[in-house]
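Naming: A, B, ... by sequence-line order, numbering from 1 per chain. Note: hydrogens, waters and symmetry copies are ignored here, and every other heavy atom, side chains too, is used.
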Protein chains: 2
Amino acid sequence: MTTRTSRTDRAARNDRALLEAARAVLAEDGAHASVAAIAARAGVGIGSLYRRYRTKEELFQRLAVLSLEHWNEAAEEGLADPDPWAGLAGFVTACVEFGQGTLAPIAGAVEVSDEMDAASRRGDDLLDALVRRAQDAGVLRPDVAAVDVALLIEQLGRSPLVDQLRKQGRDDLLPAAVRARARLVAIALDGLRPGAPGGLPGDPPGEELFTGRWA
Amino acid sequence: MTTRTSRTDRAARNDRALLEAARAVLAEDGAHASVAAIAARAGVGIGSLYRRYRTKEELFQRLAVLSLEHWNEAAEEGLADPDPWAGLAGFVTACVEFGQGTLAPIAGAVEVSDEMDAASRRGDDLLDALVRRAQDAGVLRPDVAAVDVALLIEQLGRSPLVDQLRKQGRDDLLPAAVRARARLVAIALDGLRPGAPGGLPGDPPGEELFTGRWA
DNA sequence: TTACACCGGAGCGAATCGCTCCGCAAGTCT
DNA sequence: AGACTTGCGGAGCGATTCGCTCCGGTGTAA
């Protein structure tokens with residue numbers, strides 16, 4: 001049997017491909033990523049891109065919303081885990097693997113909508129809850145602040161390890177790079193557990209440092 | 001008394017300013033950093049830049065050499081420390097604060113000279129010694145490889161926390177960003193100490209993943 | 001004062017940018 | 001089946017930015 005692909009099916013698939021391509025190109029090229037590069041990677045014409053998103057900014061804004069939504073969903077899944085440590089660790093891992101932080105280059109460029117602002121505040125609250133629950137259970141060192149965890153995710157989530165290799169066409173090394181990043185995450189997570197000999201230097205930084213807030 | 005500045009003094013100062021500016025702009029703008037931006041930040045005319053470095057590539061190559069030299073000097077200082085842990089921790093801290101890893105965007109672009117190749121291999125050996133000494137002393141978890149430490153430095157050394165804020169002109173937040181980064185380094189270092197409940201996932205990755213090798 | 005080494009930046013051609021517009025292929029209706 | 005309609009792809013637009021050259025101006029040394 002031959003499966004017919006309707007026009008709307010095709011449009012939806014193009015949209016998904018565009019968003020995924022945009023994330024990849026943005027991670028590789030930074031804030032100056034061109035729409036031509038995004039369309040090419042998605043296997044889509046420039047015209048199709050501009051029918052779906054009227055400007056480059058509109059596409060980037062959509063991307064930011066998706067990023068915030070993923071953050072919040074991952075945090076909710078973490079809170080649903082009965083084990084406080086596993087919940088926090090799973091959240092951090094999910095965010096790093098998703099590439100949370102690869103959008104940082106455009107954080108100051110896109111205009112913040114009300115929707116983004118609300119999602120961002122909700123993400124703050126969810127992370128706070130995740131951190132406080134782990135600390136109350138005694139499985140997270142008490143001197144780390146929620147913003148420390150957020151910055152850790154942002155820092156490890158943008159991955160030269162993965163994105164840059166892909167840009168250079170070294171696709172053969174990609175699986176190794178993903179494994180290497182997982183090891184770094186494991187090291188950082190171990191550093192978050194209680195029992196460290198010394199405390200953290202300085203006071204916790206202000207929340208405004210975290211570009212992932214988009215607000 | 002008025003201090004006379006000779007022509008050669010001025011030239012030397014311009015050269016230092018150019019290199020520092022190049023590092024800063026490269027960290028902020030990525031691989032597509034323009035020579036105009038570098039010259040402007042250095043407070044120097046484009047003409048002066050092109051008298052000292054005949055092409056953009058030549059400037060970037062010089063930058064890579066400086067980066068390798070700093071790595072090796074920091075590693076030697078670490079080995080000179082009688083305390084194996086303090087030596088390793090100091091090395092990591094020095095490399096992160098120097099911004100080792102901010103040059104990663106151009107790692108695949110500049111041509112590798114024999115000088116760079118030799119310095120790179122020497123850097124590998126120094127790091128190996130640093131890691132092995134700490135593990136033999138029992139102050140570094142045995143399941144981390146030297147390349148894990150190298151990747152950690154590269155990942156934390158490129159600092160959106162610092163560079164991106166500077167690009168956005170938020171100089172007021174810079175000290176806070178530096179402190180925040182120091183806290184992340186402290187967390188990661190604690191994760192490198194022995195006594196973690198679980199081991200690291202997967203095998204240590206191959207050395208070829210570390211772009212800082214420049215070879 | 002004269003001579004000149006060095007500096008700064010206007011401006012070159014080439015490349016790339018975001019974006020528009022239209023010819024064409026492929027589902028949908030009669 | 002044939003006409004209609006919808007959405008796709010990419011050539012090409014003006015504007016911008018790129019790396020780099022080249023020369024008039026500036027300030028030091030003699």
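Distance, B/Glu57 CD to D/dC18 P: 18 Å, rounded to whole Å. Atom CG in B/Asn14 sits about 18 Å away from atom P in D/dT26, given to the nearest Å. Straight-line distance from the CG atom of B/Asp15 to the C1' atom of C/dC6: 14 Å, rounded to whole Å. In this structure, A/Leu49 places its CG atom 10 Å from P of C/dC19, rounding to the nearest Å. D/dA11 atom C1' lies 15 Å from atom OH of A/Tyr50, rounded to whole Å. Look at CZ on B/Arg13: it is 15 Å from C1' on C/dG8, rounded to the nearest Å. The interatomic distance linking A/Arg52 (CZ) with D/dG9 (P) rounds to 15 Å, in whole Å. Atom CD1 in B/Ile46 sits about 15 Å away from atom P in C/dC12, given to the nearest Å.
Where A/Val35 and A/Gly47 meet DNA chain C, the nucleotide closest to each residue was compared, and A/Val35 sits on the side nearer the 5' end.
A distance-only check finds no donor-acceptor pair linking the side chain of A/Lys167 to the backbone of A/Ala27 [under 3.5 Å].
Taking side-chain N and O atoms only, B/Ser34 has no distance below 4.0 Å to OP1 or OP2 of D/dT17. OP1 or OP2 of C/dG8 has at least one side-chain nitrogen or oxygen of B/Ser48 nearer than 4.0 Å.
Atoms CD and CZ, on B/Glu20 and B/Arg23 in that order, are 8.0 Å from each other to the nearest 0.5 Å.
Salt bridge annotation for A/Arg62-A/Glu57: absent, with no cationic side-chain nitrogen under 4.0 angstrom from a carboxylate oxygen.
Residue A/Arg51 places its side chain closer to D/dG7 than to any other of D/dG7, D/dC20, C/dC17. Of all nucleotides listed (D/dG19, C/dG8, C/dG9), D/dG19 comes nearest to the side chain of B/Lys56.
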Yes or no on side chain to side chain donor-acceptor pair (under 3.5 Å) for A/Gln100 and A/Ser67, after CA distance, side-chain angles and deciding distance?
CA-CA 7 Å; A/Gln100 208 89 34; A/Ser67 177; 2.6 Å; yes
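Within 4.0 Å (heavy atoms only), B/Ala33 reaches sugar-phosphate atoms of the nucleic acid but no base atom.
Ring to ring, A/Trp71 and A/Phe91 are close: their centroids are under 6.0 angstrom apart.
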